[in-house]
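What follows is a set of notes on a single structure, which appears directly below.
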Amino acid sequence: IRRQDLGNQHPDTLISINNLGTLLKAQGKFSEARALLTEALTASRQVLGDWNPNTLFCISNLGALLQAQGNLGEAEPLLREALASRRKVLGIQHPYTLISMNNLGHLWRVQ
């Protein structure tokens with residue numbers, strides 16, 4: 001519905017695409033989730049920019065999906081980017097920055 005009403009690159013549409021990708025990941029539908037999360041990240045970078053908090057969610061969510069799939073080499077650069085960007089944009093003590101620290105630490109633990 002958002003795609004029809006707002007268009008593919010409207011910020012609210014991008015949030016919905018990212019959320020649906022995250023839901024599909026939780027359901028174990030990894031290939032469908034990856035397609036949507038990649039779409040959301042690519043468009044968010046173009047429309048919102050690399051430093052936008054919604055883009056940072058997309059980066060983090062795609063990294064988490066890749067980690068869940070066992071693609072640790074692909075996941076790590078995204079999780080590192082999410083952490084570095086959140087530190088810069090949100091600060092070191094922001095809850096989302098701390099979540100990014102945890103996500104990267106978890107990846108390192110399973111490597």
Side-chain angles (χ1 to χ4, degrees):
I1 292 175
R2 288 196 187 226
R3 286 186 196 261
Q4 294 170 348
D5 292 345
L6 302 175
N8 287 334
Q9 296 199 333
H10 189 280
D12 290 344
T13 303
L14 298 176
I15 291 168
S16 294
I17 294 168
N18 186 53
N19 289 343
L20 181 56
T22 301
L23 174 65
L24 291 170
K25 174 190 171 259
Q27 294 175 339
K29 299 176 181 177
F30 293 145
S31 62
E32 293 174 67
R34 185 172 183 164
L36 288 174
L37 292 173
T38 300
E39 176 187 355
L41 176 55
T42 300
S44 291
R45 285 189 193 275
Q46 293 171 352
V47 173
L48 304 173
D50 290 333
W51 302 105
N52 184 280
N54 290 329
T55 302
L56 301 180
F57 273 115
C58 293
I59 295 167
S60 182
N61 289 341
L62 181 57
L65 170 70
L66 292 169
Q67 181 178 347
Q69 289 181 297
N71 297 323
L72 304 183
E74 290 180 76
E76 186 172 359
L78 291 169
L79 296 177
R80 282 180 178 272
E81 180 183 1
L83 175 56
S85 298
R86 283 179 166 167
R87 278 182 172 160
K88 190 173 222 173
V89 173
L90 303 173
I92 190 98
Q93 294 184 338
H94 191 281
Y96 294 145
T97 304
L98 298 174
I99 289 169
S100 287
M101 285 180 194
N102 182 67
N103 291 345
L104 188 57
H106 182 263
L107 179 129
W108 287 339
R109 188 181 58 146
V110 299
Q111 279 184 329

Exercise. Would the number of heavy atoms belonging to other residues, nucleotides or ligands and lying under 6.0 Å from OH of Y96 be above 12?
Worked result: no

Exercise. Same hydrophobic cluster for M101 and L79, using side-chain heavy-atom links shorter than 4.5 Å among ILVMFWY?
Worked result: yes

Problem set entry | Separation of K25 NZ from N61 CG (nearest 0.5 Å) | 7.5 Å

Exercise. Are L23 and K29 close enough, and set up right, to give a side chain to side chain contact (heavy atoms under 4.5 Å, CB included), and what steps lead you there?
Worked result: CA-CA 9 Å; L23 174 65; K29 299 176 181 177; over 6 Å; no

Exercise. CG of L98 to CG of L83: how many Å apart, nearest 0.5 Å?
Worked result: 9.5 Å

For this session: Is it possible for you to say whether I17 and L48 belong to one hydrophobic cluster, with membership spreading through side-chain heavy-atom contacts below 4.5 Å?
Result: yes

Exercise. Would you say the side chain of E74 lies within less than 4.5 Å of the side chain of L62, judging by non-hydrogen atoms?
Worked result: no

Problem set entry | Distance, nearest 0.5 Å, that separates CD1 of I59 from CG of L37 | 12.0 Å

For this session: Could you state whether V47 and V89 fall into the same hydrophobic cluster, counting links through intermediate Ile, Leu, Val, Met, Phe, Trp or Tyr residues with side-chain heavy atoms under 4.5 angstrom apart?
Result: no

For this session: Please indicate whether Q93 has more than 12 foreign heavy atoms, meaning atoms of other residues, nucleotides or ligands, lying under 6.0 Å from its CD.
Result: no

For this session: Determine the minimum heavy-atom distance between S44 and L14, stating which atoms define it.
Result: OG-CD1, 3.7 Å

For this session: State the OG1-CD distance between T42 and Q9, to the nearest 0.5 angstrom.
Result: 10.0 Å

Problem set entry | Minimal non-hydrogen separation, L65 against A33, with atom names | CD2-C, 3.9 Å

Seminar exercise, completed: So side chain to side chain donor-acceptor pair (under 3.5 Å) across residues 47-56, not counting sequence neighbours, yields R45-D50

For this session: Measure the CZ-CG distance between R80 and L107 for me, rounded to the nearest 0.5 Å.
Result: 9.0 Å

For this session: Please answer whether the main-chain N or O of L56 pairs with a side-chain N or O of S60 as donor and acceptor at a distance below 3.5 Å.
Result: no

Exercise. To the nearest 0.5 Å, what is the distance between CG (L24) and CD (E32)?
Worked result: 5.5 Å

Problem set entry | Cluster check I99, L78: I/L/V/M/F/W/Y, side chain < 4.5 angstrom | yes

For this session: Scan for side chain to side chain donor-acceptor pair (under 3.5 Å) pairs involving residues 97-111, sequence neighbours excluded, and state none if there are none.
Result: Q67-H106, E76-W108, E76-Q111, R86-S100, H106-R109

